[in-house]
Structures are given as structure tokens and as C-alpha cells.
Amino acid sequence: MADAALVELAKRRGFFFGSNGAYGGTAGFYTFGPQGAALKRNVESAWRDRFTLQEGNREIESPTVMPEPVFEASGHLETFDDMLVECGECGDSHRADHLVEDATDVEDAEALPAEEVETLIRDHEIACPACGSPLAGRDVEDFNLMFATDIGPGDGQRGYLRPETAQGIFVEFPRLKEYARGNLPFGITQIGPAYRNEIAPRGGLLRLREFTQAELEQFIDPETDDPPLERVTDVEVRLYPAAEQTKPDGDYRHTTVGEAVADGTIGSPWVGYYLGVAMEWYERIGVDLNRFRFRQHLAGERAHYAADCWDAESEVDGDWIEIAGFAYRGDYDLSKHDAYGDDTFTVFKRYDEPKTVERATVDPDMSVLGPAFGGDAAAVADALETLAERDPEAFAAETVAVEVDGETHEVDADVAGFAVEEVTETGEHITPHVVEPSFGVGRTVQTLLAHAYETDEVDDEERTYLSLAPEVAPRDAAVFPLVTSDERLTALADRVAADLRAAGLAVSYDDSGSIGRRYRRQDEVGTPFCVTVDRDGIETDGAETVTVRERDSAAQVRLPVDELAGELTRLLSGESFEALTDRYETVETDVETN
RNA sequence: GCACCGUUGGUCCAGUGGUAGGACAUUAGCUUCCCAAGCUAAUAGCCCGGGUUCAAUUCCCGGACGGUGCACCA
């Protein structure tokens, strides 16, 4: 999956490596080294800037451990906790609990331990539904993709590590809506780790058991809230709709967000809006747009909560990998937590004008119904109430008839206490819908590295460099004294590095080895600018100067030390190096990059 | 989880039934005024457990980890 040369560089230079090597290693867990952690942090900062700050959203931080009932509500317990048995003959996997339930009178096989299910399979001679081979003796695998843990000592509460950061937002919705003062739409973001006990972690950072998500939960009123689509309407996107994927000669659609929403290719304007925002963001952090697309989920591929879903995918070593998902989750999550949890997961939506409605009500005289119907009295009262809402006219007669358990009961109309009341309603409680852009941070980092990895020749020597966007590069700049034999150079280089650090830049200092070697070290970790202190810079009549070298072109300009921090800051926030060469003296070098 | 292949300094590799060698990198010194230069020296390794053997890094078994394929992937 991951290019061998890149993996080697990542290990050697401190981007990422498999964790716990001293103890044999642990599959599915990676440690980010100094460079990788900085890169990842910068990606997270760029995401926070775009999806939290620029959108006016709010970020929270919730626990990674959550109690079991949360996941009963979210549906994760049911969809994660599958018992699978694999057929030894044809290799098909089947839900062991379903097989047992079908073949026996056991009703809730999922609740049984795997050993008992294995026993049941053997005792009832259950065969593979696909090929008919006996399944006796095959292991029943508990496919619980959530990490379980115990909260508290002894028989404390069972808990799970969250499989997505989203649940931490959903369960706190009753309070979060207060912070939004009850007004839709509003968005809550969270960046943090999520856990899935993957069966087979693979491909470096691509499928991990602990990974970092950056998620936005956008809460909207589906009837009235529209996204600010005009901001991204002209953003060009490469779409791979579901319909094209199923065609033998299916192709991409090159279009704009505005058009794709208008013609229905993208079903939800909100999803379309975030595809546009994401597109611009990916370009900003340095994803190669020729190796990027939005792919719509096929119907059978969608998560249990998703009504429509698009993935952002990047091409890494010839494979398309999912780096973000954009799901329209509807009211699935909030209505489930409303049903399972103690709090209310709705917001009160005020009408433009209060409505006065006539409502038919009943107030049955239970002292009459009780003796008359005995144990059925309460059910009769309920039936009367239902009837009043459905067919108020029925109460105009002398008696009304209601049906309870297939039996018809006659009730005197005046006993029912029927009345029509005028009620003023100022609004209603609605369950917001959720639009969820969900980003995999590690996969984004992997994509940036793969897309930034370049080789060329400098002075006929091959070099490897990472053409990372300055905003996300692990280091902002490196500072070198050209040689260490002159104390004036090392002293000034020390001072320059300290000044840049004081100005908030992440700076490496390196005085070891030849200047060329030091440039290459920085090239390999993607440092965009190298500052070199040379003798020409201090043996001047005027202000001290240093040279600044741009990574990809190896071009240099000479500029005054006093201007350095300001100019570098401008370069890091997006100004082109060419702008610098216009204003300052370029340094003639005979270095050529090819 | 299954199958096949692999695991030797930081990295990439060679090699051996008697505990190992190279390249690159790193560190120190010399040299060095702009792109992996040179010289000298140093640091540093046989994935883990069990078995066979006088002796295992080497052979056998198991495990862990990695790669590839299958399966899985809300």
C-alpha cells in the first residue's frame, strides 16, 4: 500500500512508525515522531481554522470512553457485535447468531457466549447456507469492533472506547443546543482519537485501531435551513456518482458544486456545500487535485445512519483511499438518543405567528368506565382519546363505539367528557437533522506525504524532498551558519534562530556537516525555507544579511536580518517566493534543479 | 481471521550450526564560504518463546510484527 521509500523515510526521519517496537510491536497502532506529530498538528490547525473558526462553529472535547447505553442507542453495539462463523469449505462468513436462531428455538443468540453458540451449531448439525457443508467445529468469532472496558472497579459499568468522535457530540446535544441558545443551524466540531478493533490493520496509517478524526456535526432544520451555497458554487469538483460506478464505462463528472447540486447529482445542498469547502481546504493544505475525487457511496455501502454519503478520496500509490466522509445522517442520531436517553434531543421551533388550533380532547369519567369495563377501562379511555383526535364527529351521537382488543365497547357520549378546546401554539419541538463532514487526520497526513514526495537532481546529485505546503510543514525554517570555524557566523546564526523562535516560528538549527548535507536533511522533512548565515552577510558596511533558500527551487535571496522574521511570516502565510526575489537581491548560485 | 513470503546496527541489505559484514546515516575531530565532497575515529544489530544440539542469529515448532492475496471495513 504505502510506498516503500516513503515508509523508510517516515521511519528514518521521524514522521511515523509502528508503536511498541520494544515489545514486539502492536498491529494497528502508530506513533507519530517529532516531524509527523508537527505535520499532523498543523493539519489539525488548518482544519480547525476552516471548519470551526471560518464557519463560526464551536469545538468541544469529550471523553473517549463512553458507557454501554450510548452505543445501544447509536446502533453501534448491534452493528459491531456480530458473531461470525466462517465455512471451512467455501469460505463464506455467516452470522452465527442468525443461523442458530433459524435452526433452533433460541431467540436471542447474540446474547450467548461464543462457546455456547458453537455448541448449538454442533448439536443441531447446522450447515453452511451457501454450500451445505457442516459448520460443526468451526470457531465462532466475536466480531466486536469496539474496544470494551470497565468503568470503575468490580462490577462497574461496561464502557467502550468511542468508534467515532461524533457520539460525544450527539450525547451532549441537550446542553450544546443551550449554548447555541436554541437556534438552528449551528455546528459543533471535535478533533480527537477514535478506536476500532480492526480485524486486520493494514497499510501503515491507512487502517489503524486508534486514529484521529476531525468531525463537524452541523445541526439544521431540514425545512428551513439552507447552506451558504453561493460561497462555493463555482468550486470545481471531480465527482464519481454512484450511477457512474455501476456502469461498465462509468466516468467522472467534472462540474461545479453549484451545478451538481442544481441537477441533483449531489442530493443535499448541505453536503454539496461541505464538498465545496473541503475541496478548497484540500487544495490549501497541498493535496494533489489530480489525485483527488469525491465518490458517492453505493446504496449497499452506506452506514446504518447515513441517508446519502460522499467520500473524499485520494490516490496513494495507485489505490484510492477514503480520507473523509460527508454523510447526511438525518435525525437518526438525535431521535435515537431522545428515545434511549433521559434528556430531550429536540429544539423548540417558534412559528412566525402563533397558531390557534382547535383540539378535540376527552376527559372520561373513570368512576363510570371503571365499574363498567374493569381491567379494560384504561384501554377504553386511551381509545376514546385516539378517536377524538381522529374523528371528533363520532362524539356527536348518543354513544360512541371503541374497539379494544377486537372487542367493541359502547360508551355514553357524556361519560367521555368530549370537548373541543382552542389552543394557542407558539411553535413546535423538532428533531434537527445532521450533516456530518468527517475527516481522517492520519489518512490526510499520509496523503500529503505521498503527494509531496518528490525526487529530482540538484547538481547532478539525486535528492528527495517533500514539497509540503508551508502551512503544514513540520518546521517553518532552518537556520545554519555556513561554516562553524568562524565564531561570528555561529553567534549570528544562534541569534537569528532565537529571534525567529521568539517570533513564533518552528525553527531547526543545524551546524553539522557540509552546507549541502544540511540542505538535504531539511529537504527530506519538507522544511520550506533555509536561512544561512555567511561571511558576506556580516562583512558589510550596512545591516547584517542572511540568505534564504526556497526548498523546491533551491533559489536564494539575500535579505537583512531585521526583515527576516517578517518576510518569513509572509512567506508562510502564502506569499510567493518570487515576490521576495523582486524586492531583494537574489543570490547567484550555479545550483540547478532538474 | 485464513494462505503465502519475510524479520540481521538508526535505515537498506549480505552472511553463518562455533554470536556477524557492508553501504548509507549518526557522533567527535580535521578540513570546508552555498547544495548528500574528503580524511581519521567512534557509537550501534541477529524479533520473542520453546525444542533439537556440546553449541542456534542459522534447523524445527509456536507467537508477535510486516508485506501480498482472500475475507472484513458503520
Side-chain angles (χ1 to χ4, degrees), chain A residues 1-2 4-5 7-14 17-29 33 71 74-82 84-88 90-93 138-143 145-146 163-164 166-167 194 196-204 206-209 297 301-306 309 322 325 327 329 332 438 457-465 480-486 489 512-524 530-539 546-547 549 551 554-556 558 587-593:
Chain A
M1 176 66 71
V7 169
E8 189 270 325
L9 187 151
K11 253 190 291 195
R12 189 164 42 80
R13 289 297 186 194
F17 51 90
S19 301
N20 308 315
Y23 294 90
T26 315
F29 295 91
F71 300 110
S74 71
H76 287 96
L77 208 55
E78 196 181 334
T79 37
F80 263 63
D81 201 17
D82 293 347
L84 294 190
V85 59
E86 194 183 6
C87 173
C90 67
D92 264 19
S93 284
R138 303 292 299 173
D139 287 342
V140 170
E141 302 290 343
D142 215 349
F143 272 38
L145 262 60
M146 284 197 293
E164 55 176 1
Q167 294 306 324
R196 299 177 188 182
N197 202 358
E198 295 286 353
I199 299 161
R202 282 284 167 87
L206 296 185
R207 188 164 8 146
L208 297 179
R209 292 189 164 123
H297 275 202
E301 179 180 11
R302 287 200 291 268
H304 61 270
Y305 51 70
C309 192
E322 176 192 348
R329 294 176 77 131
Y332 177 87
S438 169
E457 284 187 3
V458 176
D459 275 8
D460 299 325
E461 293 271 7
E462 185 167 323
R463 104 174 145 148
T464 300
Y465 66 104
F480 315 137
L482 185 57
V483 291
T484 52
S485 52
D486 188 332
L489 299 190
S512 170
S514 73
I515 190 68
R517 181 182 297 275
R518 284 177 270 166
Y519 283 142
R520 300 304 166 82
R521 284 188 189 124
Q522 297 303 323
D523 289 342
E524 268 200 335
C530 289
V531 176
T532 301
V533 179
D534 64 358
R535 203 170 287 153
D536 290 349
I538 56 172
E539 292 175 346
V546 292
T547 65
R549 167 196 183 262
R551 176 193 60 209
Q556 295 186 45
R558 178 174 295 281
V587 178
E588 290 302 322
T589 62
D590 47 10
V591 176
E592 288 192 7
T593 58

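Below, chain A is the first sequence line, B the second, and so on; all start at residue 1.
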query: How would RNA chain B look in dot-bracket form, 5' to 3', counting Watson-Crick and G-U wobble pairs with both distances under 3.5 Å and writing | for bases paired to another strand?
result: (((((((..((((....[..)))).(((((.......)))))....(((((..]....))))))))))))....

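Residues A/Arg521 and A/Arg13 have side chains in contact (heavy-atom distance under 4.5 Å, counting atoms from C-beta outward). Side-chain contact between A/Thr532 and A/Gln556 is absent, with no heavy-atom pair separated by less than 4.5 Å.
For the pair A/Arg518 CZ and B/rC34 C1', the computed distance is 9 Å after rounding to whole Å. As a whole-Å value, the separation of A/Phe17 CZ from B/rG10 C1' is 12 Å. Rounded to an integer number of Å, the gap from A/Glu457 CD to B/rA36 C1' is 13 Å. Between A/Glu524 atom CD and B/rC12 atom P there is a gap of 13 Å when expressed in whole angstrom units. In this structure, A/Phe480 atom CZ and B/rC34 atom P are separated by 15 Å, rounded to whole Å. In this structure, A/Gln556 places its CD atom 10 Å from P of B/rC34, rounding to the nearest Å. Taking atom CG of residue A/Asp523 and atom P of nucleotide B/rC34, one finds them 18 Å apart after rounding to whole Å. Taking atom CD on A/Glu198 and atom P on B/rC65, their separation rounds to 14 Å, with Å as the unit.
Phosphate proximity of B/rA37 to A/Ser514: present, with a side-chain N or O under 4.0 Å from OP1 or OP2.
When the salt bridge (Lys or Arg N to Asp or Glu O under 4.0 Å) test is applied to A/Glu539, the partners found at least two apart in sequence or on another chain are A/Arg488. Shown here are the side-chain contact (heavy atoms from CB on, under 4.5 Å) partners of A/Thr26, two or more places apart in sequence or in another chain: A/Asn20, A/Phe29. By the salt bridge (Lys or Arg N to Asp or Glu O under 4.0 Å) test, A/Asp523 is found to be paired with A/Arg463, A/Arg549, residues two or more places apart in sequence or in another chain being considered. Among residues two or more places apart in sequence or in another chain, the ring pair (Phe, Tyr, Trp, His ring centres under 6.0 Å) test is passed with A/Tyr519 by A/Phe480. Among residues two or more places apart in sequence or in another chain, the side-chain contact (heavy atoms from CB on, under 4.5 Å) test is passed with A/Ser514 by A/Arg517. Under the rule for a side-chain contact (heavy atoms from CB on, under 4.5 Å), the partners of A/Ala194 that lie at least two apart in sequence or sit in another chain are A/Phe211, A/Gln213. In this structure, the salt bridge (Lys or Arg N to Asp or Glu O under 4.0 Å) partners of A/Glu8, at least two apart in sequence or on a different chain, are A/Arg12.
Rounded to a whole angstrom, the distance from the P atom of B/rG6 to that of B/rU58 is 14 Å. Across the C1' atoms, B/rU31 and B/rC12 are found 29 Å apart, a figure rounded to whole Å. When the C1' atom is compared between B/rG22 and B/rU8, the two are found 12 Å apart, to the nearest whole Å. Between B/rU52 and B/rU16, the two P atoms lie 25 Å apart (nearest whole Å). Nucleotides B/rC65 and B/rG49 place their C1' atoms 15 Å apart, quoted to the nearest Å. B/rU27 and B/rG9 have their C1' atoms separated by 15 Å, with the value rounded to a whole Å. If you take atom P in B/rA44 and the same atom in B/rG10, they sit 10 Å apart, rounded to whole Å. Atom name P, nucleotides B/rA41 and B/rA23: the rounded distance is 13 Å, in whole Å.
Each of A/Asp534 and A/Glu8 was assigned the nucleotide of RNA chain B with the nearest heavy atom; the assignment lying further toward the 5' end belongs to A/Glu8. Where A/Arg463 and A/Glu539 each meet RNA chain B at their nearest nucleotide, the meeting point lying more 5' is that of A/Glu539.
Taking OG1 from A/Thr464 and CD from A/Glu524, the interatomic distance works out to 5.5 Å, rounded to the nearest 0.5 Å.
Of the possible polar contacts, one joining the A/Arg518 side chain to the A/Leu482 backbone as a donor-acceptor pair under 3.5 Å is found. The closest donor-acceptor contact from the side chain of A/Tyr332 to the backbone of A/Ser74 lies under 3.5 Å.
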Protein-nucleotides 24-28 of chain B N/O pairs under 3.5 Å:
{"from": "B/rA25", "atom 1": "OP1", "to": "A/Arg517", "atom 2": "NH1", "distance (Å)": "2.9"}
{"from": "B/rA25", "atom 1": "OP1", "to": "A/Arg517", "atom 2": "NH2", "distance (Å)": "3.4"}
{"from": "B/rU26", "atom 1": "OP1", "to": "A/Arg521", "atom 2": "NE", "distance (Å)": "2.6"}
{"from": "B/rU26", "atom 1": "OP1", "to": "A/Arg521", "atom 2": "NH2", "distance (Å)": "2.4"}
{"from": "B/rU26", "atom 1": "OP2", "to": "A/Arg517", "atom 2": "NH1", "distance (Å)": "3.0"}
{"from": "B/rU27", "atom 1": "OP2", "to": "A/Ser512", "atom 2": "OG", "distance (Å)": "3.2"}

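On a pure distance criterion of 3.5 Å, no polar donor-acceptor pair joins the side chain of A/Glu461 and the base of B/rC35. For A/Tyr23 against B/rC48, a side-chain-to-base donor-acceptor contact under 3.5 Å is absent. Not a single donor-acceptor pair, N or O on each side, falls under 3.5 Å between the base of B/rC35 and the side chain of A/Asp459.
Proximity note for A/Arg202 (side chain, C-beta onward) versus B/rC70, B/rU32, B/rG66: the nearest is B/rC70. Of the candidate nucleotides B/rA36, B/rC73, B/rC34, B/rC73 has the atom lying nearest to any side-chain atom of A/Arg207. Minimum atom distance to the side chain of A/Ala27 is reached by B/rG66, of the listed B/rC73, B/rC34, B/rG66.
Heavy atoms of A/Ala200 sit under 4.0 angstrom from at least one base atom. No engagement by A/Gln522 is indicated, since no non-hydrogen atom pair under 4.0 Å with the nucleic acid exists. Within the nucleic acid shown, A/Asp486 comes within 4.0 Å of at least one base atom, counting heavy atoms only.
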